[in-house]
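All chains are named by letter (A, B, ...) in the order of the sequence lines, taking the proteins before the strands, and each is independently numbered beginning at 1.
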There are 2 protein chains.
Amino acid sequence: MARRVNASPQPSNLDARKATILEAVVVEHIDTAQPVGSSSVAANADLVVSPATVRTEMVVLEREGYLAQPHTSAGRVPTDKGYRYFVDHLEAGVLGPAQQRQIKEFFAHVRGEVEDVLEQTATLLSRLTSYTSVVVGSGHSRATILSVQLVNLDAHHHLLVAVYSDGTVTKNSVLVGFDATPFDVSEASRQLNALLIGTTLESKVQVPSRTDTVAKLVREGVSLLHAEMPTMEGEQVYIGGSSRVAEVFEGVETVRQVLSILEQELLVVSLVEDILEKGVAVAIGSEHGFEPLSSCAVIVAPVSLEGETIGAVGLLGPTRMKYREVMAAAEAVSKHLTTHFGGEPEHA
Amino acid sequence: MARRVNASPQPSNLDARKATILEAVVVEHIDTAQPVGSSSVAANADLVVSPATVRTEMVVLEREGYLAQPHTSAGRVPTDKGYRYFVDHLEAGVLGPAQQRQIKEFFAHVRGEVEDVLEQTATLLSRLTSYTSVVVGSGHSRATILSVQLVNLDAHHHLLVAVYSDGTVTKNSVLVGFDATPFDVSEASRQLNALLIGTTLESKVQVPSRTDTVAKLVREGVSLLHAEMPTMEGEQVYIGGSSRVAEVFEGVETVRQVLSILEQELLVVSLVEDILEKGVAVAIGSEHGFEPLSSCAVIVAPVSLEGETIGAVGLLGPTRMKYREVMAAAEAVSKHLTTHFGGEPEHA
DNA sequence: GTTAGCACTCGATTTTACCGAGTGCTAACG
DNA sequence: CGTTAGCACTCGGTAAAATCGAGTGCTAAC
């Protein structure tokens with residue numbers, strides 16, 4: 001769901017020629033990573049003006065904040081605002097046939113648990129785009145519980161295993177300060193099942209208020225499961241091609257910072273969710289609030305199931321990334337993921 | 001279990017003075033990252049010789065392969081062999097009090113599943129040492145099965161959830177081409193339990209040869225579980241502080257290569273296991289066979305439970321890493337992990 | 001065997017010069 | 001009036017030259 005405006009919106013008032021010039025600068029700078037001069041812009045086929053004219057226009061574009069000059073006698077470089085304009089006016093890109101094939105091939109062959117599919121998807125996306133990818137799977141707050149089981153490990157130590165309708169499984173250690181017989185455990189297990197099957201983690205359940213061993217176990221179990229809810233737990237984050245960070249960003253310090261962000265899964269999740277919430281598909285530079293990522297652009301596409309957003313795929317690169325291709329890739333993969341999880345029951 | 005030889009072994013014949021010089025070079029180069037000259041070595045307190053003498057000795061050390069000269073008029077730099085000698089003759093380091101406290105604190109407070117503990121341990125190690133850490137948890141080939149459960153997801157789609165005595169839980173999708181009633185599923189679940197509880201993945205079990213629905217489900221389940229065995233699956237890899245790679249190695253290309261290795265979990269596991277198998281605690285430069293890691297040193301310490309190696313902690317840095325501190329940290333953490341999993345039943 | 005003395009090497013740093021891409025301005029042009 | 005050719009000017013990047021100095025190897029004396 002990229003915010004793509006083809007008619008001109010409120011403040012983005014650029015006449016056709018300025019727009020063309022801006023676009024040319026962006027395209028060339030993305031390609032060469034160098035400041036772009038007036039003459040190479042003027043060489044652009046769609047433009048039949050002299051460099052001098054381009055220059056006067058560029059002065060305006062600079063004053064309006066779309067372009068910047070690294071130093072007096074250099075060409076122009078797009079600002080975040082410039083990239084934003086470019087992206088907003090980008091007509092949908094088409095994937096190369098090779099990439100389309102790669103995606104098709106991938107989804108035709110992936111097997112296994114959701115987690116595995118998501119992890120491999122991250123790798124796919126990274127290979128597809130040459131950027132670092134992020135795949136987020138939402139928690140199962142909406143999924144219903146299919147089965148709960150309490151397994152005895154040793155005297156005071158049990159394991160609570162829950163299976164959800166979305167195919168995920170969780171486990172929690174149950175550590176209690178009292179002895180429980182195998183019978184107690186299996187009885188508690190039975191009661192937990194009776195109590196929880198069919199509920200979601202959001203539903204309220206009535207726990208027994210008795211004080212016997214079994215009741216205590218049941219209470220402990222229920223509270224453990226529900227305790228998991230408010231935290232981000234259940235969110236899964238998979239990162240693909242983190243080594244790309246090193247080739248795509250220049251400057252060790254930037255690389256370090258980006259890597260360091262990627263290490264913090266919670267941060268990544270909230271970043272992706274923020275962007276999705278704003279209804280934007282791409283956040284450029286400082287648009288997302290993350291200082292250390294101010295030289296990055298993040299492209300996000302949601303993965304949904306029956307209208308619900310159940311996850312997202314994202315790509316992270318420098319602000320001068322290949323938006324068209326990457327957005328196309330993100331969109332294609334997210335669509336495939338959606339049908340993959342939607343078409344077949346839960347997972348393949 | 002570092003290979004530490006204090007008496008001189010076979011080929012490492014260095015008289016006391018050469019040893020001191022070599023050590024001084026290593027120490028200083030680790031500290032400064034610069035080639036070390038004869039005069040700064042001679043300034044070393046334990047050495048009462050002139051730079052000229054040091055120089056003649058260094059010529060020998062160079063001929064024997066312990067030192068190298070980046071170019072004619074520069075100081076000396078240790079070779080892998082030089083580092084090896086240094087490490088082999090290193091007396092056990094002691095951890096700083098601050099670090100000891102950090103470790104104590106950590107293990108006093110960690111809670112949660114094995115997986116969580118291992119993941120957090122990776123972060124701890126990285127913070128402790130400023131290098132990238134690797135924590136490997138072995139698979140559960142030796143653990144006995146405590147419970148197996150088949151849960152129905154939809155018509156042809158079930159989930160096989162197994163709980164092992166080491167507290168791990170696995171799940172496998174079971175996709176069958178025939179209808180199974182809820183009764184079939186729970187009956188199959190019951191039979192799987194009867195069949196598998198108490199066995200390990202290495203044990204052989206007799207599967208029913210009947211052709212009814214239940215028997216088919218049972219066979220499918222058993223084979224799925226056992227299929228998991230030969231692969232590395234069940235091995236868990238946690239990497240801590242991957243952003244350290246960017247600050248610890250110089251040269252974007254090296255950073256990229258190392259990151260790219262770390263992305264491939266299977267590679268990391270086999271690297272760590274290789275090193276452990278050789279009974280070595282540290283692999284320097286090209287000692288481990290990995291070309292792309294030839295500028296790295298890897299320090300590994302096993303985590304064991306009742307004599308069995310159940311995992312390992314590792315640290316990865318440049319060959320000029322702070323061996324003494326890092327080895328001490330690795331050893332301390334691995335010991336703590338060992339008692340953490342050993343002392344308390346399985347996990348805390 | 002050790003060391004002071006010394007000529008020599010050679011990478012790193014600094015200096016200087018220079019080039020040229022690109023600019024802004026101005027004046028002419030249609 | 002918008003457009004453009006012409007031109008002086010800026011300034012980062014690159015290359016060549018000069019310089020520095022840490023460190024070496026060798027030799028001769030202790």
Legend entry - Main-chain N/O of A:Lys322 paired with A:Tyr131 side-chain donor or acceptor, under 3.5 Å: yes

Legend entry - Side chain A:Ser126, main chain A:Ala122, donor-acceptor under 3.5 Å: no

Legend entry - Watson-Crick or G-U stems involving DNA chain D, each at least 3 pairs long, distances under 3.5 Å, ordered by first number: C:1-30 with D:1-30

Roughly, in whole Å, what's the span from [atom1] in [X] to [atom2] in [N]?
X       : N      : atom1 : atom2 : value
A:Leu67 : C:dT23 : CG    : C1'   : 14 Å
A:Ile21 : D:dG2  : CD1   : C1'   : 13 Å
A:Arg76 : D:dT10 : CZ    : P     : 17 Å
B:Arg55 : D:dT24 : CZ    : C1'   : 6 Å
A:His71 : C:dG20 : NE2   : C1'   : 12 Å
B:Gln69 : C:dC10 : CD    : P     : 11 Å
A:Lys18 : D:dT3  : NZ    : C1'   : 14 Å
B:Met58 : D:dC26 : CE    : C1'   : 15 Å

Inset, instruction - With the side chain of A:Ala52 defined as its heavy atoms from C-beta on, choose the nearest nucleotide among D:dT4, C:dT23, D:dG12. - result: D:dT4

Inset, instruction - Kindly point out which of C:dT2, D:dT24, C:dG22 is positioned nearest to the side chain of B:Thr53? - result: C:dT2

Inset, instruction - Measure the spacing between CD1 of A:Ile30 and CE of A:Met321 and express it to the nearest 0.5 Å. - result: 9.5 Å

Legend entry - Side-chain N or O of B:Arg17 closer than 4.0 Å to phosphate OP1/OP2 of C:dG1: no

Legend entry - Presence of A:Ser38 side-chain N/O under 4.0 Å of C:dT23 phosphate oxygens OP1/OP2: yes

Inset, instruction - Evaluate the salt bridge (Lys or Arg N to Asp or Glu O under 4.0 Å) criterion for residues B:Arg84 and B:Asp88: first the C-alpha distance (whole Å), next the side-chain angles of each, then the deciding distance (0.1 Å), finally the verdict. - result: CA-CA 6 Å; B:Arg84 164 54 59 199; B:Asp88 283 347; 2.9 Å; yes

Side-chain donor-acceptor distances from residues 42-57 of chain A under 3.5 Å, at least two apart:
{"unit_1": "A:Asn44", "atom_1": "OD1", "unit_2": "A:Asp46", "atom_2": "N", "d": "3.0"}
{"unit_1": "A:Ser50", "atom_1": "OG", "unit_2": "A:Ala52", "atom_2": "N", "d": "3.4"}
{"unit_1": "A:Ser50", "atom_1": "OG", "unit_2": "A:Thr53", "atom_2": "N", "d": "3.4"}
{"unit_1": "A:Ser50", "atom_1": "OG", "unit_2": "A:Thr53", "atom_2": "OG1", "d": "3.2"}
{"unit_1": "A:Arg55", "atom_1": "NE", "unit_2": "A:Ser38", "atom_2": "OG", "d": "3.2"}
{"unit_1": "A:Thr56", "atom_1": "OG1", "unit_2": "A:Ala52", "atom_2": "O", "d": "3.2"}
{"unit_1": "A:Thr56", "atom_1": "OG1", "unit_2": "A:Thr53", "atom_2": "O", "d": "2.7"}
{"unit_1": "A:Glu57", "atom_1": "OE1", "unit_2": "A:Lys18", "atom_2": "NZ", "d": "3.4"}
{"unit_1": "A:Glu57", "atom_1": "OE2", "unit_2": "A:Arg17", "atom_2": "NE", "d": "2.9"}
{"unit_1": "A:Glu57", "atom_1": "OE2", "unit_2": "A:Arg17", "atom_2": "NH2", "d": "3.0"}

Legend entry - Polar pair under 3.5 Å, donor/acceptor by atom type, side chain B:Ser73, base D:dT24: no

Inset, instruction - Classify the side chain of B:Ser50 versus the base of C:dT3 as yes if they form a donor-acceptor pair under 3.5 Å and no if they do not. - result: no

Inset, instruction - Please determine which of A:Leu95, A:Leu124, A:Leu315 meets the side-chain contact (heavy atoms from CB on, under 4.5 Å) test together with A:Val333. - result: A:Leu124

Inset, instruction - Would you mind telling me which residue lines up with the more 5' stretch of DNA chain C, B:Thr72 or B:Glu57, judged by nearest nucleotide? - result: B:Glu57

Inset, instruction - For the residue pair B:Tyr85 and B:His89, categorise the inter-ring angle as parallel (less than 30°), tilted (30 to 60°) or perpendicular (more than 60°). - result: parallel

